[in-house]
Number of protein chains: 2
Amino acid sequence: MARRVKPEKSSAGLDARKAAILEAVVREHIDTAQPVGSSAVATHGELAVSSATVRSEMVALERDGYLSQPHTSAGRVPTDKGYRYFVDHLQGGAVGPVTQQQIGDFFRTVRGEVEDVLSQTSTLLSRLTSYTSVVVGAAQSFASVLSAQLVNLDARHQLLVTVFADGSVTKHGVYLDHDVTPSAVAEASRQINALLIGTTVESRVQVPSGSEDVATLVRESVSVLHDQRPTREGEQVYIGGSSRVAEAFDGVETVRQVLTILEQELLVVSLIQDMIDQGVSVAIGSEHGFEPLASCAVVVAPLTVDGHPSGAVGLLGPTRMKYGEAMAAARAVSQELTRYLEGDPRV
Amino acid sequence: MARRVKPEKSSAGLDARKAAILEAVVREHIDTAQPVGSSAVATHGELAVSSATVRSEMVALERDGYLSQPHTSAGRVPTDKGYRYFVDHLQGGAVGPVTQQQIGDFFRTVRGEVEDVLSQTSTLLSRLTSYTSVVVGAAQSFASVLSAQLVNLDARHQLLVTVFADGSVTKHGVYLDHDVTPSAVAEASRQINALLIGTTVESRVQVPSGSEDVATLVRESVSVLHDQRPTREGEQVYIGGSSRVAEAFDGVETVRQVLTILEQELLVVSLIQDMIDQGVSVAIGSEHGFEPLASCAVVVAPLTVDGHPSGAVGLLGPTRMKYGEAMAAARAVSQELTRYLEGDPRV
DNA sequence: GCCTGGCACTCGGTAGAATCGAGTGCCAAC
DNA sequence: GTTGGCACTCGATTCTACCGAGTGCCAGGC
C-alpha cells in the first residue's frame, strides 16, 4: 500500500471548501438549533457549488468527526470537534459599541465593596450575553496582614477583624468560657496586631504561653485565624443569570443537572481554574471531562491584578452558544474589571 | 325565599365529611401530582361511604372553591383555597428524629463567619426538604459602631473597616487624589474611631472642616460610611438548592420564571419580609400577589435573635408541596439557627 | 477528475381515526 | 341521605397513512 499522504487530510487543517462548509453548518445550527441540510448550506452560504457537492463534502466531514447526523435523512449537526475547529478559526472580534458602552457605564458608576462589585459584574455579563455567568474572585492567600484587631462584643465574645494587603477583610469569633475585662481585650488586641502584621495565614508565629486572659485571647485569636479553611475563604464565586440555564436547554432534566453543578461552587472554581491554568479560553462539551456538562460550553477570561492571576470571569451556555460574542464579552468585561480593581484596590 | 342558613355552609368551616374528603384529595394529589378521583378517595380514605357520595360532596367542594377540575371527566385538584384550608387545619407536627439529628449535628459542627453559616444553613434546609431554600439575614441598621479603623493600603488608598454591635463588619475604600503619610492616616483613624463609636449609620455626626489631610480623610470616611445604600447592605440573602426548582415544576418555562424571580434578591427579601410582618407562615399560590410565583408555595419561619426580628428562613416549592414536613423543617432550623446565633453572636 | 442534476430511498414528524378508560353526573331504588 | 347502575365525556394512547426534508448514489457533462 502506497504511503502517499494527502496533504489536506493529514494536516490539522481542512481544505478551504470543507472549512467553509463546516463554518456554514456551525453558524446555521447555532442560529436555528436545527440540523442543517446540504441545500441550506449551498444556497445560504457563499460557495458557488451545488447541494450534491456539499453533500459529498459533508460525508467526508462526518467521517473525520466534525459533523454528525441525528438520524439518516436529517441534516447535520456539529460535533464537539466541529465546534472546536470553528472556535479555533474564529478571528476574535471585539465587542459591539453599544455593549462596550454598557460595560464602561457600569464600571464608571459601580460602587461598594469588592464582593458586591464582583457579584454585580456577574449579573452584567449575564445580561450582556444572555448566558449564565461566573465570576471567580481569588483572594491571595499569600497576602500579608495589614492590621489585626480584637473588638469587644461582650464580656465573653470577641471578634477578630483582620485586614490583608489585598484589601480583603475577615472576621472570626473568639470566645472564652469566662468574662474578660475590656482592658485585657485591648491589650490582647495590641499584642495580636504586633504579632500578625506582615505575616500570612500560612506563616507560623510564636504565641505566648500562660493561662492569664491576655495570653489566652492571643493564642485563641491566632489559632482561629490560621485554622480558616483555605479553599472556602480563598475564593469567592458569583453566579449570575442562572435562569438562563432554563433558556439554553429544553430538557428539564438537563437544566436540573447543570444547576446542580453550579451549586457546587468548589467544582465550578476548579473547572475554571483548570482552564485558566492551561491557558484555555473555551471548553466545549466533554473537553473538560465533566460528564454532566457534556452539553455545555464554557468560555473564560482570566483576571490579573497587578500581574498576579486573581480569578476569572466565565460564561456557561449550550455547546451551540454564540462563541464570538461570548468570548468578546468575557474579554471586554475581564479587561474593564481588571482596570477597575487595579485603580481601586479591593475596596 | 326563606332566609334559612345552613350552618355548615355559612360558617368558615366545612362539615366533618367534606373536610375529610378535601384532606384526602390534597394528600393524594401532593403524593401523586395527578388529579384525584372519587373512587380513590372512597377506597383509600377512612370514610365509609361510596364513591357516589364522595362525588356529590366533591361537587359541593368545587362550587365553594376548594377543588377544581382540569376538565370534565378528570379527577379533582385542590385550588389555592383548598390548600389553604388544608394548611390551616394541619396540626403542626415536629420534625422526625433523623432530621432533628442532622440539624443538631450541623449546628454543633459548623464554624466560620456568620455569612458562611447562613449560606450553609440554606443548603442544609434545602437538602432536608428537597425544596429550594432561602435564608435572609438582616443586619440591624440601628446597630451602633463598636470600632472604626482606617487601614493604609497604599499612599492613596485607605480602607475603612467598621465593626458594629451586632458583629457585622463593613469595609469601604477611601481614596484621595494625592499621597498621604501613614501618620496622617493613623491620626485620622483615631479621630474617626472617637467620632463614630456608639453612633449608628443613621445618626449624623459633626465632621471637622479644613483641608489638611487628616480632616479630609475623616470627612471622606464618615461620608462613605453614611452613603452606603441601606437595602443592599442591610440584608443578605442565601439561596440553597435552586436546582430543586427544576424538580418541582415540569415546564421549562415555569422553571425559568421562578429562577428569574430568585435572582432578584430584593424581591425575595420583600416577599419574605412581608410575610413575616404579617405573621404569615405559609403563602400559597397567588396569595402573595406575585404573578410569576402563582404555582409556588412559600413557607417561612422568622429568626429572632435576642428578641429582635433579624431575618427568616424560608422554603419555596410547588403548591403541591409537603406542607407538614416543610413547615416542621423550617421551624426546627430557624430555632436551632436562632440558638446558634444567640449563643454565638455573629461570629 | 471533479461537479452536477436526477432519482430512489429513508425516516422523523404530523394529522386523523379509532380506541381505551378513568372519571363524571344523574337517577331510580333502597 | 346513601348507593349501585349507567350513559356520557374527553384526554391520552395507539395506529396508520402520508408528507417532505434530506440523504446516498450514479450517470452524464464540463
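Throughout, protein chains are lettered first and strands after them, A, B, ... in sequence-line order, and every chain is numbered starting at 1.
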- prompt: What nucleic acid atoms does A:S38 come within less than 4.0 Å of, heavy atoms only: base, sugar-phosphate, or nothing?
  reply: sugar-phosphate
Hey, does the side chain of [X] reach the backbone of [Y] with a donor-acceptor pair shorter than 3.5 angstrom?
X: A:S133; Y: A:S122; value: yes
X: A:T79; Y: A:G82; value: yes
X: A:T53; Y: A:V49; value: no
X: B:E263; Y: A:S243; value: yes
X: A:R84; Y: A:V282; value: yes
X: A:D80; Y: A:E287; value: no
X: B:T132; Y: B:G241; value: yes

message: Taking the axis from the first five pairs and the axis from the last five, what angle separates them in the helix from C:dG1-D:dC30 to C:dC30-D:dG1, rounded to 10 degrees?
response: 20°
message: Does B:S73 contact D:dT9 through a side-chain donor or acceptor facing the base, at a distance under 3.5 Å?
response: yes
Any B:T53 side-chain N or O less than 4.0 Å from OP1/OP2 of D:dT3: yes
query: Between A:S50 and C:dT4, does any side-chain N or O lie under 4.0 Å from OP1 or OP2?
result: yes
- prompt: Which residue, B:R17 or B:H71, contacts DNA chain D at a nucleotide closer to its 5' end, judged by nearest heavy atom?
  reply: B:R17
Expressed in angstrom and rounded to an integer, what is the separation of [X] atom [atom1] from [N] atom [atom2]?
X: A:L47; N: C:dC3; atom1: CG; atom2: C1'; result: 13 Å
X: B:L61; N: C:dG23; atom1: CG; atom2: C1'; result: 17 Å
X: B:E57; N: D:dT3; atom1: CD; atom2: P; result: 11 Å
X: A:I21; N: D:dT23; atom1: CD1; atom2: P; result: 11 Å

Please list each protein N or O that sits under 3.5 Å from an N or O in nucleotides 24-30 of chain D, with the distance.
{"residue": "D:dG24", "atom": "OP1", "partner": "A:R76", "partner atom": "NH2", "Å": "3.0"}
{"residue": "D:dG24", "atom": "N7", "partner": "A:R55", "partner atom": "NE", "Å": "3.2"}
{"residue": "D:dG24", "atom": "O6", "partner": "A:R55", "partner atom": "NH2", "Å": "3.2"}

- prompt: When rounded to the nearest 0.5 angstrom, what is the spacing between OH in B:Y131 and NZ in B:K322?
  reply: 6.0 Å
message: I'd like to check the salt bridge (Lys or Arg N to Asp or Glu O under 4.0 Å) partners of B:R256; sequence neighbours left out, ordered by chain and number.
response: A:E247, B:E253
